[in-house]
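Here is the structure we will look at.
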Amino acid sequence: MGRFDVPDDGTQQPLEQLIANRVAKLEALRELGVEPYPARYRVETSITDVVARWKDADAAALEEARPAVRLAGRVRAIRGHGKAAFVDLNDGATRIQLHVRKDRLPENDWAVFKLLDLGDFAGAEGVLFRTRTGELTVAVERLSVLAKALRPLPEKYHGLADREARARQRYLDLVANPESRRVFEIRSRIVAALRRFLGEHGFLEVETPMMHPIPGGATARPFVTHHNALDLDLYLRIAPELYLKRLIVGGFERVFELNRNFRNEGISTRHNPEFTMLEFYWAYADYELLMEFTEAMLTAVAEEAVGSLTLPWGEGTIDLSRPWRRLTLRDAILAYSDLEEADLADRAAMESAARRLGVERIEERSDGKLLAELFEVTAEPRLIDPTFIIDFPRDISPLAKSSPSDPDTVERFELFVGGMELANAYTELNDPAEQRRRLEEQARRSGGTVDEDFLLALEHGMPPTGGEGIGIDRLVMLMTGRQSIRDVILFPLLRPREGE
RNA sequence: GGGCCGUUAGCUCAGGUGGUAGAGCAGCGGACUUUUAAUCCGCGGGUCGGAGGUUCGAAUCCUCCACGGCUCACCA
């Protein structure tokens, strides 16, 4: 409103001039009796369909068949030739060329063509033929404008490069950069393949609360919101884990949830405040079985989504072929550093090793946290091909069952690929008394509230269970070769621009 | 939050050591009925992210601010 009422006195800003040109054409269309935003334009085939159907037909075959088509899409290029022109029309995925000729179009349609701009949506009816250069082309007989674009699109050749603009105005990124569109097509295929694989293996998809009275299942800082009618603070979930386990108690033996988690932490190339997690719980399974299952599932997904088990990653590649390597947390540290067994033997040795490696705030970290920290600075960034890291310290795994042979170690693994943590899984702790001790200890150590309702559920009996979480955004990064999580989330969180 | 780097026309980018901003695409006008980064002729378009400062003079040097990128921290 008011935005386009710019005075035509030569004082306009450049973008305003471009917009004013288009508005003038829009008004000219209306004067011709043409509605620039018609309510509908029925098409039975997309450009993609038509090109797929006729791409191999030669000129003679097309001359014979004279296929009549009716197509709609966005105008991406106009190559004028006086009383004729070539127009590229794109349905988002596929481009087709139109040939318009003044002597073949109704007078009004030619007038409409003259008022078309790059970026407008248009509809065309005509007959397919091949040009002198062999390109499949529509000889247009009727032309319609379907929606006038008032602002110019990014440049056709270089696309949209500005990373901020690509994230803020994702629609422009998708129009201008086919490889960005491809990322989100693959993302959709990955999610569909995961759902299908889990369904085929007897898992039931469920939806548990996004708003939790007590945040649990992880230890990140939560986002807080408030329910007015109940006068109740609620927390956007940091993990669905404790609710999914309640369902195992309830007798759903295989459940999964694939949806958003929210963590009020920093933003990085691997962290977005809201991110997508697959969590699944499997009664009578343990972490060993989950490793087998994870290999099978993720290789099947890779085959289905990208058709390969070799993924380009940075300068190199990731090889997903099975079996995947397994390494204990301690062995991983030893393998990827010059530390020796003696450096991990006791607290004092670990502190000294950590100091040498530049770990900060050593004193305030628990033994387990310190070991995990040593892993993170030595091995994690170098685990490129998929590697299961097993045998985690109990004190950083409050929901995992202890190993029968060593009560200070739990039956847990994390999966690392491309130097990133991709999955976290364990044989679930189902002893309610032990679970209570662990949660109370955690609450004592780092604050927070014990989820009594969860313990109440456990006290009714949860079968032996394996559970796992897989970070979907990172999985998409791996399968699309993207090094930033912002490239695989359609609308990543950005600071609003001033005045917005 | 810290460090480093960046922000120039609608888009993609140039603009040694300070001398008052350019190109391609897009746009506008003209020619052109098989082109495809169409071609040819002509034209318009900039508070150089913002605000201060240094200087005779700032896109360029300094300070602060905004936004972004990378990175560190936070994230068991």
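Letters A, B, ... mirror the listed sequences (proteins, then strands); counts begin at 1.
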So what does A:R263 touch, heavy atoms closer than 4.0 Å: a base, only the sugar-phosphate, or nothing? nothing
I want to check one thing: is the phosphate of B:rC74, taken as OP1 and OP2, less than 4.0 Å away from some side-chain N or O of A:R221? no
So, does A:R151 get its side chain near the phosphate of B:rA26, meaning an N or O under 4.0 Å from OP1 or OP2? no
Distance check: side-chain N/O of A:K102 vs OP1/OP2 of B:rC32, anything under 4.0 Å? no
Do A:D162 and B:rU12 have a side chain to base donor-acceptor pair shorter than 3.5 Å? no
Base of B:rU7 paired with side chain of A:E164 (donor-acceptor, under 3.5 Å): no
I want to check one thing: is the phosphate of B:rU35, taken as OP1 and OP2, less than 4.0 Å away from some side-chain N or O of A:R79? no
What is the nucleic acid contact for A:G159, judged by heavy atoms within less than 4.0 Å: base, sugar-phosphate only, or nothing? sugar-phosphate
For A:F416 together with A:F375, are the ring centres under 6.0 Å from each other? yes
Tell me whether the side-chain N/O atoms of A:R495 come closer than 4.0 Å to OP1 or OP2 in B:rC67. yes
If you look at every strand shown and take non-hydrogen atoms under 4.0 Å, does A:R486 touch a base, only sugar-phosphate, or nothing? sugar-phosphate
A:L150 CG to B:rA26 C1', in whole Å, measures 16 Å
For A:F129, which contact category applies under a 4.0 Å heavy-atom criterion: base, sugar-phosphate, or nothing? base
Under 4.0 Å between any heavy atoms, over every strand shown, what does A:A161 touch: base, sugar-phosphate, or nothing? Just pick one. sugar-phosphate
Would you mind classifying the nucleic acid contact of A:S268 as base, sugar-phosphate or nothing, using non-hydrogen atoms under 4.0 angstrom? nothing
Would you mind classifying the nucleic acid contact of A:R365 as base, sugar-phosphate or nothing, using non-hydrogen atoms under 4.0 angstrom? sugar-phosphate
Categorize A:P398 for me: base, sugar-phosphate, or nothing, with a 4.0 angstrom heavy-atom threshold over every strand shown. base
Is a donor-acceptor pair below 3.5 Å formed from side chain A:H271 to base B:rC75, judging by atom type as modelled? yes
Report which part of the nucleic acid A:L118 touches: base, sugar-phosphate, or nothing (heavy-atom distance under 4.0 Å, all strands). sugar-phosphate
Distance check: side-chain N/O of A:T269 vs OP1/OP2 of B:rU71, anything under 4.0 Å? yes
Is there a side-chain contact between A:R132 and the phosphate of B:rU35, meaning an N or O under 4.0 Å from OP1 or OP2? yes
Across the strands shown, which category fits A:A165 at heavy-atom distances under 4.0 angstrom: base, sugar-phosphate, nothing? nothing
With heavy atoms under 4.0 Å as the rule, sort A:R166 into base, sugar-phosphate or nothing. nothing
